[in-house]
2 protein chains.
Amino acid sequence: MSASQEVAAPQADPVCTDKLPSAARGGPVGHAISRVARLHRTTAAKLLRGAGLYPGQEFVMMHLWDRGPVRQSDLIKAVELDPSTITKMLQRLEQSGHVTRSPDPKDRRAVLVEATEKSCGLLDEVTLVWAGLEEHALAGLSQAERTQLVALLSRVEANLCTETGGCPAPGS
Amino acid sequence: MSASQEVAAPQADPVCTDKLPSAARGGPVGHAISRVARLHRTTAAKLLRGAGLYPGQEFVMMHLWDRGPVRQSDLIKAVELDPSTITKMLQRLEQSGHVTRSPDPKDRRAVLVEATEKSCGLLDEVTLVWAGLEEHALAGLSQAERTQLVALLSRVEANLCTETGGCPAPGS
DNA sequence: GAGATTACCTTGGTCGACCAAGGAATGGTT
DNA sequence: AACCATTCCTTGGTCGACCAAGGTAATCTC
């Protein structure tokens, strides 16, 4: 019983010696968040499809719809995405006619972004889709549970921001 | 005062007539989930980087580490991803030496996937990274809060699965 | 057994998201 | 005025994730 050569012949030959049954140990919250987020995104994708938007673009459009023309850098700060992501997304949104980009006369480095009139037709649809999705996702949860869910998520978000130095100041 | 030409000159000219102040109406949970998930993923990415893995690959590797050689289709069901996603991910994982693929002798359509010995060195590192990330994300949350968070997320997940017909049976 | 159906995987395409690097204009220092 | 640092955006690359379509092999049906 000293040598670990015969490991009781595991049916599936776990390759890496023995080790723990990882499935359980893998952070349950991390897994849950990943799965829920992916599900949420793909459902949003299907719903948004009819509107001609890809998932992720809604956030940008929403910001433009109620902020009017903004500098691209403001947009970046608002949605907290990588600048290059925004650049490319805007190029596509411009090509599909949802957005207009023009150089800022006051700062020749900057670019002003604005939702086109055509895109305004989507506002209602997108709003509806999001409301429906939210309700679908939260079906059966009491108001208290909903607020607690967002509270917990906010705390997790705050945690993930600290120390990594990847987030803007939580205050403003 | 009939023509709507002078719209009282809004400072930021919100383009789409008036409408509501969307920021508030956009589903709070949906937003929260998106942001948290992105944050979680990018932090994981940074941590996993040292191990030579890209975010998302960990799930696949974990499954392989404790299941041994599996058919690709099983892997697909386990991680609930699109087949093509798995195919491409495995091609990269094979090229980077973390995984081995071989035709299944019992079914010539199928492919058997297995973690390489080299990859076993990563098991500990990945486990540590995930444990640390989980703790970092949940810092300050009581045990009760943690379990409730996963409970709430599970319910949301279940909700998102139903009706859309995009999920496997929740039972098995 | 022949034919249709299903299961398994691949390829090609598009997008979002990131990093790394770089070009241009602005702003502050000396 | 000259220089350096910062800000703003772009390009090029890689990956994960999806959809649509296809090609081969098993399986079911008649």
Side-chain angles (χ1 to χ4, degrees), chain A residues 34-35 37-61 70-96 98 101-113 164 166, chain B residues 34-35 37-61 70-96 98 101-113 164 166:
Chain A
S34 299
R35 284 208 314 267
R38 233 189 24 230
L39 256 172
H40 187 272
R41 189 184 182 78
T42 59
T43 9
K46 282 178 201 146
L47 297 175
L48 250 20
R49 211 174 184 129
L53 287 180
Y54 289 87
Q57 299 185 335
E58 349 128 30
F59 300 114
V60 169
M61 292 310 298
V70 282
R71 290 177 53 156
Q72 197 163 317
S73 54
D74 294 341
L75 198 52
I76 289 169
K77 280 176 223 143
V79 297
E80 290 174 341
L81 283 172
D82 190 271
S84 63
T85 300
I86 294 295
T87 295
K88 289 167 188 168
M89 203 186 291
L90 287 177
Q91 290 172 345
R92 288 168 191 139
L93 281 171
E94 184 174 31
Q95 195 170 3
S96 51
H98 296 312
R101 304 164 73 214
S102 52
D104 184 342
K106 314 181 90 171
D107 186 339
R108 274 187 293 172
R109 298 168 294 180
V111 172
L112 289 175
V113 188
T164 331
Chain B
S34 300
R35 284 206 314 266
R38 233 188 23 228
L39 256 173
H40 187 272
R41 188 184 184 80
T42 59
T43 359
K46 282 178 201 145
L47 298 175
L48 250 20
R49 206 169 188 134
L53 287 181
Y54 290 87
Q57 301 185 334
E58 348 128 31
F59 300 113
V60 169
M61 292 310 298
V70 283
R71 290 176 52 156
Q72 196 163 318
S73 54
D74 293 341
L75 198 53
I76 288 169
K77 279 176 223 143
V79 297
E80 291 175 340
L81 283 171
D82 190 271
S84 63
T85 301
I86 294 294
T87 294
K88 289 168 188 167
M89 204 187 288
L90 287 178
Q91 289 172 345
R92 288 167 192 139
L93 282 172
E94 183 174 33
Q95 195 170 3
S96 53
H98 297 312
R101 304 165 73 214
S102 53
D104 185 342
K106 315 180 87 169
D107 185 338
R108 274 188 291 173
R109 295 169 297 180
V111 173
L112 289 174
V113 188
T164 330

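Every chain is numbered from 1 and lettered A, B, ... according to where its sequence line falls, protein lines coming before strand lines. Source: prediction; values computed, not measured.
End-to-end axis angle of the helix from C:dG1-D:dC30 to C:dG22-D:dC9, using five pairs per end and rounding to 10°, comes to 10°.
Put simply, A:R101 has a side-chain N or O that comes within less than 4.0 Å of OP1 or OP2 on D:dT10. Distances shorter than 4.0 Å separate none of the side-chain N or O atoms of A:R41 from OP1 or OP2 on D:dA17. The side chain of B:Q57 places no N or O atom within less than 4.0 Å of a non-bridging phosphate oxygen (OP1 or OP2) of D:dC15. Within the structure, a side-chain polar atom (N or O) of A:R92 is placed less than 4.0 Å from OP1 or OP2 of C:dC15. At the phosphate of D:dT24, neither OP1 nor OP2 sits under 4.0 Å from any side-chain N or O atom of B:R108. Side-chain N/O atoms of A:T87 include one lying less than 4.0 angstrom from OP1 or OP2 on D:dT10.
The closest side-chain heavy-atom distance from B:R71 to B:V111 is not below 4.5 Å. The closest side-chain heavy-atom distance from A:Q72 to A:D104 is not below 4.5 Å. Contact of the B:L81 side chain with the B:M89 side chain is registered, since non-hydrogen atoms from C-beta on lie closer than 4.5 Å. When side chains are defined from C-beta on, B:V79 does not count as touching B:T85, because their heavy atoms never get closer than 4.5 Å. Using a 4.5 Å heavy-atom threshold, the side chains of B:V113 and B:I86 count as separate. Counting heavy atoms from C-beta outward, B:R92 and B:H98 have side chains that stay 4.5 Å or more apart.
If you take NZ of B:K88 and P of C:dT14, they are 12 Å apart, rounded to a whole angstrom. As rounded to whole Å, 19 Å separates atom C1' of C:dC18 from atom CZ of B:R35. Protein atom CG of A:D82 is 14 Å distant from nucleotide atom C1' of D:dC15, rounded to whole Å. Between A:M89 atom CE and C:dC18 atom C1' there is a gap of 12 Å when expressed in whole angstrom units. Distance CD1 (A:I76) to C1' (C:dG16): 15 Å, rounded to an integer number of Å. We find that CG of B:L93 is positioned 11 Å from P of D:dA17, with the value rounded to whole Å. Rounded to whole angstrom, the span from the NZ atom of B:K46 across to the P atom of C:dC18 amounts to 10 Å. Atom-to-atom, CG of B:L75 to C1' of C:dC9 comes out at 13 Å; the value is rounded to the nearest Å.
Under the 3.5 Å distance criterion, the side-chain polar atoms of B:R35 are left unmatched by any main-chain donor or acceptor of A:E80. Panel note: side chain A:E58, backbone A:G56; a donor-acceptor pair is recorded below 3.5 Å.
Of the candidate nucleotides D:dC18, C:dA17, D:dG16, D:dC18 has the atom lying nearest to any side-chain atom of B:S84.
Scanning for side-chain hydrogen bond (donor to acceptor under 3.5 Å, both in side chains) contacts around A:D82 gives A:S84, with sequence neighbours left out.
Nearest heavy atom pair, residue A:P105 against residue A:L112, reads CD-CD1, 4.3 Å.
Residue-level contact check: A:Q91 touches the backbone only, with heavy atoms under 4.0 Å from sugar-phosphate atoms and none from bases.
Taking for each of A:R38 and A:D74 the nucleotide of DNA chain D with the nearest heavy atom, the 5'-most of the two is the partner of A:D74.
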Can you give me the N/O atom pairs linking the protein to nucleotides 5-8 of chain D at distances under 3.5 Å, or say none if there are none?
unit_1	atom_1	unit_2	atom_2	d
D:dT7	O2	A:R109	NH1	2.6

